Engineer: 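Supplied in structure tokens, the structure appears directly below.
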Amino acid sequence: FENVLRTYDSQDLYHQLRHKTDDVWNEEALNKSVEELDKLVCDIRPLMKEWAKNINIQNLSPKHRLELSKESLYLTFNYTKILEQYYGIPENKICHIHGSIDDEEILTGHDMSFTPLDVYADKDEEERPRRKIVEIMNKLDKSIKRNIQKRSFFNTLQDISNIVVIGHSMSTIDIPYFHAVRTKVRPNSNWHFSIHEGQETKYIYSFIKYSSHYTCTYPLQEKNCHLFKL
């Protein structure tokens with residue numbers, strides 16, 4: 001879902017909204033369609049939070065219960081309170097990087113914010129609605145870099161020697177968080193990646209291979225990276 005948002009095409013969106021108003025230029029109808037898009041985008045995060053609040057985490061099968069240490073630190077992308085309520089992990093050990101159902105707002109979206117003036121600078125009647133579409137889609141920017149900078153969690157990882165990644169697809173949208181972890185933990189730390197489907201493997205090896213391309217104190221060594229099936 002987030003990868004689709006990340007690769008949205010503002011030009012395509014514009015033409016879809018224009019298509020709703022037929023081929024004849026109708027500024028009033030187009031503006032109405034743009035307003036509908038704005039409402040849709042503004043509803044995404046509240047609806048995602050409502051969905052997360054209604055996930056039942058109490059009736060999980062015991063056979064799928066993981067052995068999680070209450071002494072470990074947890075960086076979670078899960079909006080629910082499954083770590084706290086199902087596994088009994090202390091709250092001070094957990095960082096809900098995108099917020100939780102207890103927060104006023106959760107983060108979901110993309111990391112590809114654009115400046116409308118850079119995207120559309122033509123001086124014609126179509127310029128304003130096109131810029132507006134870019135402004136609307138920018139509302140779903142997760143601001144990953146700023147989110148990392150304001151989180152003190154990452155500054156508590158200097159003594160960590162084992163990182164276990166469970167239930168994350170390792171797709172590109174959240175990779176900056178993994179690089180932030182990598183730059184803070186011990187240089188010789190071991191990484192353990194859970195595998196759910198085969199396609200995750202390519203993302204994992206891509207993360208390992210290109211880790212040295214980012215500003216860091218050390219590149220990941222493949223010998224320190226281990227894959228396992230839950």
Side-chain angles (χ1 to χ4, degrees), residues 1-3 6-7 57 60-61 63-84 86-100 107-112 142-230:
F1 174 69
E2 289 187 323
N3 281 334
R6 186 177 190 266
T7 57
I57 62 174
L60 299 179
S61 172
K63 70 177 182 178
H64 293 141
R65 189 180 181 93
L66 303 172
E67 294 296 325
L68 299 184
S69 169
K70 295 183 180 181
E71 301 302 317
S72 298
L73 297 176
Y74 293 85
L75 176 67
T76 179
F77 297 79
N78 195 314
Y79 303 123
T80 74
K81 305 301 288 288
I82 188 171
L83 288 176
E84 297 93 330
Y86 187 74
Y87 287 102
I89 307 298
E91 288 190 358
N92 63 354
K93 298 287 187 179
I94 303 169
C95 173
H96 283 273
I97 193 63
H98 289 151
S100 78
L107 281 180
T108 189
H110 56 78
D111 63 341
M112 296 294 289
K142 291 200 296 189
S143 304
I144 290 178
K145 185 176 181 180
R146 291 198 300 272
N147 199 22
I148 292 172
Q149 291 173 342
K150 73 179 184 180
R151 298 283 185 167
S152 59
F153 173 85
F154 293 96
N155 294 323
T156 67
L157 306 178
Q158 63 270 16
D159 294 326
I160 299 296
S161 57
N162 282 287
I163 302 93
V164 184
V165 182
I166 300 176
H168 199 291
S169 67
M170 297 295 294
S171 58
T172 55
I173 191 78
D174 288 325
I175 285 300
Y177 293 117
F178 290 88
H179 285 296
V181 171
R182 181 182 48 76
T183 60
K184 296 294 185 179
V185 297
R186 290 180 178 177
N188 61 343
S189 59
N190 290 301
W191 289 68
H192 309 265
F193 302 91
S194 69
I195 300 296
H196 178 64
E197 296 179 349
Q199 67 176 0
E200 295 164 5
T201 306
K202 67 178 182 180
Y203 291 127
I204 293 170
Y205 281 116
S206 178
F207 169 67
I208 297 170
K209 180 179 179 181
Y210 294 107
S211 65
S212 60
H213 293 190
Y214 290 76
T215 303
C216 59
T217 53
Y218 65 97
L220 274 176
Q221 300 297 320
E222 192 167 338
K223 65 180 181 180
N224 291 341
C225 299
H226 316 278
L227 279 61
F228 68 96
K229 186 83 173 178
L230 284 176

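Computed over heavy atoms, backbone and side chain alike; hydrogens, waters and symmetry mates excluded. Quick caveat: nothing in here was measured; it's all calculated off a predicted structure.
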Engineer: Counting only heavy atoms not in Lys229 (residues, nucleotides, ligands), do more than 12 fall under 6.0 Å from its NZ?
Structural biologist: yes
Engineer: Taking all non-hydrogen atoms of both residues into account, name the closest pair between Ile82 and Leu60 and its distance.
Structural biologist: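 In this case the closest contact between Ile82 and Leu60 is CD1-CD1, 3.5 Å.
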Engineer: Under 3.5 Å, side-chain donor or acceptor atoms of residues 151-159 against the rest of the protein: list the pairs with distances, not counting sequence neighbours.
Structural biologist:
from, atom 1, to, atom 2, distance (Å)
Arg151, NE, Asn147, OD1, 3.4
Arg151, NH2, His96, O, 3.3
Arg151, NH2, Ile97, O, 3.1
Asn155, OD1, Lys184, NZ, 3.2
Thr156, OG1, Phe153, O, 2.6

Engineer: What closest approach, in Å, do Lys70 and Tyr87 show between heavy atoms, and which atom pair accounts for it?
Structural biologist: CE-O, 3.6 Å
Engineer: side-chain contact (heavy atoms from CB on, under 4.5 Å) for Trp191 and Val181? Distances and angles first, verdict last.
Structural biologist: CA-CA 11 Å; Trp191 289 68; Val181 171; 3.9 Å; yes
Engineer: Given the rule in the side-chain contact (heavy atoms from CB on, under 4.5 Å) test, do Ile94 and Leu75 qualify, once you have shown the distances and angles that lead to the verdict?
Structural biologist: CA-CA 6 Å; Ile94 303 169; Leu75 176 67; over 6 Å; no
Engineer: Take atom OH of Tyr205 as the centre, draw a 6.0 Å sphere, and report whether it contains more than 12 heavy atoms from other residues, nucleotides or ligands.
Structural biologist: no
Engineer: Glu84 and Glu91: which non-hydrogen atoms are nearest, and at how many Å?
Structural biologist: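 Reported closest heavy-atom pair: CG-CG, 3.8 Å.
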Engineer: Could you report the tightest heavy-atom contact between Phe193 and Cys225, atom names first, then the distance?
Structural biologist: CE1-CB, 4.1 Å
Engineer: Which heavy atom of Ile160 sits nearest to which heavy atom of Val185, and what is that distance?
Structural biologist: O-CB, 3.6 Å
Engineer: Less than 3.5 Å apart, which donor and acceptor atoms pair up between the side chains of residues 165-176 and the rest of the protein, not counting sequence neighbours?
Structural biologist:
from, atom 1, to, atom 2, distance (Å)
His168, ND1, Met170, N, 2.9
His168, NE2, Asp174, OD2, 3.4
Ser169, OG, Ser171, N, 3.4
Ser169, OG, Ser171, OG, 3.3
Asp174, OD1, Lys142, NZ, 2.9

Engineer: Over 60° means perpendicular and under 30° means parallel, so tell me whether Tyr177 and Phe77 are parallel, tilted or perpendicular.
Structural biologist: perpendicular
Engineer: Please evaluate residues Ser72 and Lys93 with respect to the criterion side-chain contact (heavy atoms from CB on, under 4.5 Å), reporting the C-alpha separation (whole Å), side-chain torsions for both, the decisive distance (0.1 Å), and the verdict.
Structural biologist: CA-CA 7 Å; Ser72 298; Lys93 298 287 187 179; over 6 Å; no
Engineer: What's the separation between atom CG in Leu73 and atom OG1 in Thr76, rounded to the nearest 0.5 Å?
Structural biologist: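 OG1 of Thr76 is found 13.0 Å from CG of Leu73.
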Engineer: Looking at Tyr79 and Leu107, what are the two nearest heavy atoms and their distance?
Structural biologist: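 Heavy atoms of Tyr79 and Leu107 come nearest at OH-O, 2.7 Å.
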Engineer: So do Ile163 and Ser189 actually touch side chain to side chain, heavy atoms under 4.5 Å?
Structural biologist: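 Side chain of Ser189 against side chain of Ile163, heavy atoms only: contact under 4.5 Å found.
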Engineer: Cut-off 3.5 Å, side chains only: do Ser143 and Arg146 have a donor facing an acceptor?
Structural biologist: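 Yes - a donor-acceptor pair under 3.5 Å links their side chains.
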Engineer: Quickly, which of His192, Arg186, His226 forms a side-chain hydrogen bond (donor to acceptor under 3.5 Å, both in side chains) with Asn162? Name it, please.
Structural biologist: His192
Engineer: With rounding to the nearest 0.5 angstrom, report the NE2 to OG1 distance, His196 to Thr201.
Structural biologist: 12.0 Å
Engineer: Any side-chain heavy-atom pair from Leu220 and Phe207 closer than 4.5 angstrom?
Structural biologist: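 Yes - at least one pair of side-chain heavy atoms lies under 4.5 Å apart.
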Engineer: First locate atom CD1 of Ile144, then atom NE2 of His179, and finally report the distance between them rounded to the nearest 0.5 Å.
Structural biologist: 11.0 Å
Engineer: Taking only residues two or more places apart in sequence or in another chain, which ones pass side-chain hydrogen bond (donor to acceptor under 3.5 Å, both in side chains) with Asn190?
Structural biologist: none
Engineer: Show, in sequence, the C-alpha distance, side-chain angles and deciding distance for Thr80 and Asn78, and conclude whether the side-chain hydrogen bond (donor to acceptor under 3.5 Å, both in side chains) test is met.
Structural biologist: CA-CA 6 Å; Thr80 74; Asn78 195 314; 2.7 Å; yes
Engineer: Measure the spacing between CD1 of Ile204 and NZ of Lys209 and express it to the nearest 0.5 Å.
Structural biologist: 15.5 Å
